[in-house]
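Letters go in sequence order (proteins before strands), and every chain restarts at 1. Remember, predicted model here, so these are calculated numbers, not experimental data.
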Protein chains: 2
Amino acid sequence: MSDHDSESGLTRGELARATGCNIETIRHYEKIGMLPHPPRTGAGYRIYARSHAARLRFILRARELGFAMKDIRGLLGLEDGTAPTCADVHARTERHLADVRAKIDDLKRIESVLAGTAAKCSGDEVPDCPVLDAITSSFIR
Amino acid sequence: MSDHDSESGLTRGELARATGCNIETIRHYEKIGMLPHPPRTGAGYRIYARSHAARLRFILRARELGFAMKDIRGLLGLEDGTAPTCADVHARTERHLADVRAKIDDLKRIESVLAGTAAKCSGDEVPDCPVLDAITSSFIR
DNA sequence: TGTAGGGTCTGTAGCGGCTACAGGCTCAAG
DNA sequence: CTTGAGCCTGTAGCCGCTACAGACCCTACA
């Protein structure tokens, strides 16, 4: 590109490759305000700086950690426009941690039901199956 | 309703209450073929029999167990139109069980990251936060 | 200098799995 | 006969992307 001077910015595709993010997702995050509008070349190409890459990586890792989009917004200070305090972050993290633990418990219950019924299953070529019976009659929680 | 004779069928609302399912979801499941088209009254009201209720409960419980929609279709014999054999069900269940276990592992990793960083957090009214640092620099898996 | 091929731009539509209307009919109770 | 609840239909919206189509632009090579 015409103004790709030395080690300056990244194109959208380069940012995508650098972060492992889908290229379209970058545009999406910009549209919903998770990423700031980057400057553009004369021809309209987006040019991303290190700060954009850092922010995108932050979002992707928070996502990996299972934070909901609105929590990520909060962590980024996008809700009220001010950087969150450590106390804010702590509260949000504790809440999310509780959710994660609850989900682990749910899944463990599910696991035991599945493991228990699957073990009873003959694996035969018959239509009568203990797993189906278990789904038909078992209650979770 | 005019033909609500003794212990015959349920209306959509009654089925919803009887199963705990959202009333609109019932129509949705019919539309996507998870529930058969029920007979109708002269005025066009759906009338559900015991078999419909049983099938809907099956779907809801399979959903609680975390089965994906296409697996539920399989368990219901909707994929090839024939009742699944015990072997089919077993295979599907084992696959799902593996997914569940993988998800539990993921969440446990997430839990330990969150718990570890949250513990370091002062909870002060400052903007500098170890949780944010952790998200910025930690890699999952 | 021309051209081929990649990359990027925009807007819009689609995914799954529901959920929530609006606007009209029908039913049962008072 | 009226009132209010329930049901009918179709359609639109939700989230968080993802995938186009059709146009433009940039680089490399002949």
- Query: What's the closest nucleotide to the A:E24 side chain, out of D:dT18, C:dC21, D:dC7?
  - Reply: D:dT18
- Message: I'd like to know if the side chain of A:E94 reaches the main chain of A:A91, judged simply by a donor and an acceptor atom lying under 3.5 Å from each other, with no hydrogens or angles considered.
- Response: no
- Rounded to whole Å, the CG-P distance (A:L56 to D:dC17) equals 11 Å
- Nearest whole angstrom, please: distance from the P of D:dC7 to the NE2 of B:H28. 19 Å
- Task: Report the nucleotide, chosen from C:dC27, C:dT10, D:dC26, that has the shortest atom-to-atom distance to any side-chain atom of A:R27.
- Result: C:dT10
- Message: Please give me the minimum heavy-atom distance between A:L65 and A:H96, naming the atom from each residue.
- Response: O-NE2, 2.7 Å
- Task: Indicate whether OP1 or OP2 belonging to C:dC18 is found under 4.0 Å from a side-chain N or O atom of B:R63.
- Result: yes
- Message: Between C1' on C:dT19 and CZ on B:R12, what's the gap in Å once rounded to a whole number?
- Response: 12 Å
- Report the nucleotide, chosen from D:dC8, C:dG17, D:dC25, that has the shortest atom-to-atom distance to any side-chain atom of A:A43. D:dC25
- Start at the 5' end of DNA chain D and walk down; is the nucleotide closest to B:G13 or to A:T25 reached first? B:G13
- Item | From CG (B:L56) to OG1 (B:T19), nearest 0.5 Å | 4.5 Å
- Message: Return the CZ to CE distance between B:R73 and B:M69, rounded to the nearest 0.5 Å.
- Response: 7.5 Å
- Query: For the pair made of OH in B:Y29 and P in C:dG16, what is the distance, rounded to whole Å?
  - Reply: 14 Å
- Note on the structure: From CD1 of A:I26 across to C1' of D:dA19 the rounded distance in Å is 15 Å
- Task: Give one of base, sugar-phosphate or nothing for B:I32, where a contact means two heavy atoms less than 4.0 Å apart.
- Result: nothing
